[in-house]
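Naming convention: chains lettered A, B, ... in sequence-line order (proteins, then strands); numbering from 1 in each chain.
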Number of protein chains: 2
Amino acid sequence: MNTKTKRLSSTDIARLAGVSQATVSRVLSGVDGVKPATREKVMAVVKQQGYRPNAFAQAMRTSLSSTVGVAVSRITNPIVPEILEELSRQFAANNRRVVVWNTDESGEESLIGSVESGMVDGVVFTAASHQTRAVQAALDAQIPIVSINRTVDGVDYDQVVSTNERGGEEVANYFVKCGKTRVAFVNGSLDRTTLVDREAGFRKGLEKAGLSLLPEFYFQRAFQENVFRQLGMDIGSSENRPQAIACGNDLIAIQVLNGLKAVGCRVPEDIWVVGFDGIEMSGWDIVDLTTVQQPIELMAKDAATMLMDRIAGRRGQTETRRYRSELVIRGSTGNQRV
Amino acid sequence: MNTKTKRLSSTDIARLAGVSQATVSRVLSGVDGVKPATREKVMAVVKQQGYRPNAFAQAMRTSLSSTVGVAVSRITNPIVPEILEELSRQFAANNRRVVVWNTDESGEESLIGSVESGMVDGVVFTAASHQTRAVQAALDAQIPIVSINRTVDGVDYDQVVSTNERGGEEVANYFVKCGKTRVAFVNGSLDRTTLVDREAGFRKGLEKAGLSLLPEFYFQRAFQENVFRQLGMDIGSSENRPQAIACGNDLIAIQVLNGLKAVGCRVPEDIWVVGFDGIEMSGWDIVDLTTVQQPIELMAKDAATMLMDRIAGRRGQTETRRYRSELVIRGSTGNQRV
DNA sequence: AGCAGAAATGAATACGTATACAATAGTAAT
DNA sequence: ATTACTATTGTATACGTATTCATTTCTGCT
């Protein structure tokens with residue numbers, strides 16, 4: 001326990017196996033041109049000594065880190081772990097480490113630092129706001145990036161998006177067809193393109209039906225502890241409340257549900273609520289939230305693949321892949337189909 | 001965009017600043033003994049060129065990676081992001097990168113690989129099951145580790161735990177004092193010490209009151225999609241159901257709530273439910289789950305600090321820090337205080 | 001057996017940094 | 001001005017790997 005044994009190097013293995021360091025390297029990197037007998041002899045020593053190549057020396061020599069970064073914000077929004085799970089699965093299956101940055105606080109500095117110091121071979125940006133400088137840093141460092149549900153004007157990179165605007169429109173259509181004409185929209189910070197697009201689609205849908213979103217029924221707040229719950233309470237206890245509320249994402253919708261419940265406003269009897277994202281939780285019996293679902297696992301998988309392909313130099317033009325989102329009708333709108 | 005510019009090295013900076021590479025290194029690592037004028041001259045070039053030291057070369061030279069690993073399992077359990085958020089905050093504030101391994105699938109191999117190849121300076125293990133080999137790998141590699149709510153017999157390392165057994169006992173006492181004598185316990189995989197301890201405490205509490213946990217009211221399942229929801233449905237629709245259910249953690253409890261709701265069994269009127277962990281969601285109005293709350297942020301913060309101290313060689317004996325958990329009474333037990 | 005050519009291995013080197021050691025410039029005291 | 005320092009900078013080297021180039025060892029064939 002106290003005997004601080006030094007890590008073995010390929011040179012040590014070479015000495016023990018009676019070969020040169022170059023041969024050890026060749027064996028471990030799996031190039032051919034090594035005699036099977038030699039290979040076995042080396043591998044025996046490697047196994048016996050539990051040797052692993054030093055990742056940093058490898059990275060320095062090859063300028064490849066085998067590490068990718070994932071930038072997330074608000075990791076406690078349940079959609080983030082869902083994305084992370086799939087990304088981790090894909091990257092782990094391809095022998096890549098995953099560095100996660102939570103860019104809420106000082107995270108962006110850390111991200112930029114890692115990118116600029118060559119720590120990562122590529123970065124996945126997930127829907128988020130305060131990462132514009134980091135995107136620029138990655139572009140400057142000529143490191144491949146992919147984004148999920150996130151767009152920055154004026155720069156082009158591979159993207160995976162869902163049909164956010166169309167989804168918003170679909171919610172509006174649904175409301176209209178069900179006779180809900182006094183409708184509200186609750187949104188978070190407008191620095192996230194997903195939220196902007198969803199709202200735009202919703203407004204467009206209303207307008208196509210000859211309606212419009214009344215200013216007193218439009219609410220925009222920065223995401224903070226209990227802000228949307230309070231909003232739900234306000235809406236639920238107001239005399240002249242809307243018949244239905246559409247929300248920028250599921251987490252907002254759930255907080256609104258909390259607020260409504262807190263003031264005894266019943267869903268769906270007194271008011272309808274619709275979310276956006278289709279997080280797993282939305283399907284729970286105790287949540288039962290109608291939502292616009294996006295195939296988030298597929299999107300994450302796609303993003304991982306695109307990034308790895310680009311890192312390997314297997315891609316040309318940047319590309320934007322669009323996934324169709326889908327309205328899933330549940331109890332928060334009385335399970336009412338159109 | 002296409003001009004693949006090479007990264008600059010400290011040697012390049014040295015040349016541009018008219019000094020030696022060693023001086024550049026001295027300036028950037030902040031050692032004293034550099035004339036202020038020289039320092040400024042170098043820094044000017046560094047700034048102008050946007051130079052950042054190569055992280056891998058630094059790591060190789062110093063054998064310090066400035067990276068810590070965090071091993072999690074079931075990242076979609078909401079307590080995990082809560083822990084990750086606090087850990088990220090602490091580590092980012094100390095200029096350390098965070099590598100996250102999701103050890104559900106192939107994750108453990110990846111973890112072991114990273115540890116053995118010297119990728120990380122230390123590892124935080126969060127409550128989990130299939131990481132025993134990884135713990136051993138870290139110990140073998142003499143890399144500092146800290147665990148949160150996790151114990152492996154026979155090996156000693158720094159730990160942060162909450163009073164899991166005592167919490168379980170407290171739930172039993174609560175049930176008994178409220179006159180609930182026909183009680184059930186629903187647990188997940190017993191390879192997690194938290195779950196084992198909570199169950200043990202619950203049983204102990206019952207026994208102290210002269211009761212015992214009936215075999216037909218003890219349920220143990222491996223965590224899988226809808227397993228606990230199905231269990232909730234079974235319990236809720238059985239003729240001879242218990243008066244109250246204690247669960248190994250909040251996520252299990254919530255799935256049980258889902259199942260109960262699905263079969264129209266009302267909480268708390270028909271049956272009580274209690275969770276364990278105190279995830280944020282448990283306090284939501286639409287969940288309103290009585291639970292044993294642990295100060296998870298404090299625990300995560302403590303774990304991060306302990307790990308960094310040990311990496312810096314500032315710690316002696318291994319230590320176990322215990323945090324008091326606390327029963328938080330909510331609607332799933334009718335808000336009934338004792 | 002001798003030889004050409006292929007196959008396998010070894011020797012040498014570079015990656016970019018931090019640091020021990022050597023060398024130089026600067027300073028104060030005589 | 002000379003000495004004896006100290007402060008500052010430069011030179012050289014090592015970290016552990018992958019890879020180029022040179023060298024040796026095998027083959028098969030005559």
Side-chain angles (χ1 to χ4, degrees), chain A residues 4-43 45-46 49-67 95 113-114 116-119 121 141, chain B residues 4-43 45-46 49-67 95 113-114 116-119 121 141:
Chain A
K4 194 77 175 180
T5 53
K6 209 168 67 74
R7 285 182 57 87
L8 283 83
S9 69
S10 54
T11 311
D12 299 319
I13 301 300
R15 191 168 26 76
L16 290 172
V19 298
S20 73
Q21 180 270 332
T23 297
V24 174
S25 176
R26 278 189 273 255
V27 169
L28 273 99
S29 50
V31 301
D32 40 344
V34 178
K35 194 158 58 167
T38 311
R39 182 180 299 276
E40 281 174 32
K41 189 169 58 176
V42 170
M43 283 310 291
V45 177
V46 166
Q49 300 289 330
Y51 164 76
R52 297 286 289 248
N54 179 301
F56 293 113
Q58 281 185 319
M60 191 172 83
R61 178 63 226 245
T62 61
S63 357
L64 281 181
S65 65
S66 298
T67 303
N95 288 316
S114 295
E116 292 184 340
S117 54
M119 234 0 239
D121 297 335
Chain B
K4 195 79 174 179
T5 52
K6 207 167 70 68
R7 283 180 59 85
L8 284 83
S9 70
S10 54
T11 310
D12 300 321
I13 301 300
R15 190 167 28 73
L16 291 172
V19 298
S20 73
Q21 180 270 330
T23 297
V24 174
S25 176
R26 279 189 274 255
V27 168
L28 273 98
S29 51
V31 300
D32 40 345
V34 177
K35 193 155 59 169
T38 310
R39 182 181 300 277
E40 282 175 30
K41 189 169 58 178
V42 171
M43 284 310 293
V45 177
V46 167
Q49 300 289 329
Y51 164 75
R52 296 287 287 249
N54 180 301
F56 294 113
Q58 281 184 319
M60 191 171 81
R61 180 60 229 247
T62 61
S63 12
L64 279 180
S65 66
S66 298
T67 303
N95 288 316
S114 295
E116 291 184 339
S117 54
M119 214 35 214
D121 297 334

Query - B:Thr23 side chain near D:dG10 phosphate (N/O to OP1/OP2, under 4.0 Å) - result: yes
Query raised in the report: To the side chain of B:Thr38, which of C:dT9, D:dT8, C:dT19 is closest?
Result: D:dT8
Report summary line: Nearest-nucleotide check on DNA chain C, B:Met60 vs A:Ser20; residue mapping nearer the 5' end is A:Ser20
Report task. For B:Val34, report the nucleic acid contact type (base, sugar-phosphate, nothing); a contact means any heavy atom under 4.0 Å. Result -> sugar-phosphate
Query raised in the report: Looking at B:Ser10, does any N or O in its side chain come under 4.0 Å of the phosphate oxygens OP1/OP2 on C:dG16?
Result: no
Query raised in the report: Given atom NZ of B:Lys41 and atom C1' of D:dT8, what is their separation to the nearest angstrom?
Result: 12 Å
Query - Pairwise 5' ranking along DNA chain D for B:Gly33 and B:Gln21, keeping only the more 5' one - result: B:Gly33
Requested in this report: Please report the closest heavy-atom contact between A:Phe56 and B:Gly118, naming both atoms and the distance.
Outcome: CE1-O, 3.0 Å
Query raised in the report: Once you round it to whole Å, what is the distance between P of C:dA7 and CZ of A:Arg39?
Result: 15 Å
Requested in this report: Work out which heavy atom in A:Val19 is nearest to a heavy atom in A:Val24; give both atom names and the distance.
Outcome: CG2-CG2, 3.9 Å
Query raised in the report: For A:Tyr51 and D:dT17, is the shortest distance between a side-chain N/O and OP1 or OP2 below 4.0 Å?
Result: yes
Report task. Please determine, for the side chain of A:Ser9, which listed nucleotide (D:dG16, C:dT17, D:dG10) has the closest atom? Result -> D:dG16
Requested in this report: Would you classify B:Val19 as touching base, sugar-phosphate or nothing, given that sugar-phosphate means primed atoms plus P, OP1 and OP2, and contacts are heavy atoms under 4.0 Å?
Outcome: sugar-phosphate
Report summary line: To the nearest angstrom, the CD-P distance between B:Gln58 and C:dG16 comes to 13 Å
Report summary line: Among the nucleotides D:dG16, C:dG16, C:dT19, whichever has the atom closest to the side chain of B:Ser25 is C:dT19
Requested in this report: Figure out the NZ/C1' separation between A:Lys35 and C:dA8, and round it to whole Å.
Outcome: 7 Å
Query raised in the report: Quick one: A:Leu28 CG to D:dT19 P, roughly how many Å, whole number?
Result: 13 Å
Query raised in the report: Do A:Tyr51 and A:Ser10 come close enough that some side-chain heavy atom pair is under 4.5 Å?
Result: yes
Query raised in the report: D:dC15 C1' sits how many Å from A:Asp12 CG, rounded?
Result: 12 Å
Query raised in the report: Roughly how far, to the nearest 0.5 Å, is the CD atom of B:Glu40 from the NZ atom of B:Lys35?
Result: 12.0 Å
Requested in this report: Starting at atom CG of A:Asn54, determine the distance to atom P of C:dC15, rounded to an integer number of angstrom.
Outcome: 18 Å
Query - Euclidean distance, atom CZ of residue A:Arg15 to atom P of C:dT9 [Å, nearest integer] - result: 19 Å
Query raised in the report: Which is true for A:Gly18 with a 4.0 Å heavy-atom rule: it touches a base, it touches only sugar-phosphate, or it touches nothing?
Result: sugar-phosphate
Report task. Would you please test B:Met119 and A:Thr67 for side chain to side chain contact (heavy atoms under 4.5 Å, CB included) and show each step? Result -> CA-CA 10 Å; B:Met119 214 35 214; A:Thr67 303; 3.8 Å; yes
Query raised in the report: In terms of the nearest nucleotide of DNA chain C, which residue is placed more toward the 5' end: B:Arg26 or A:Asp32?
Result: A:Asp32
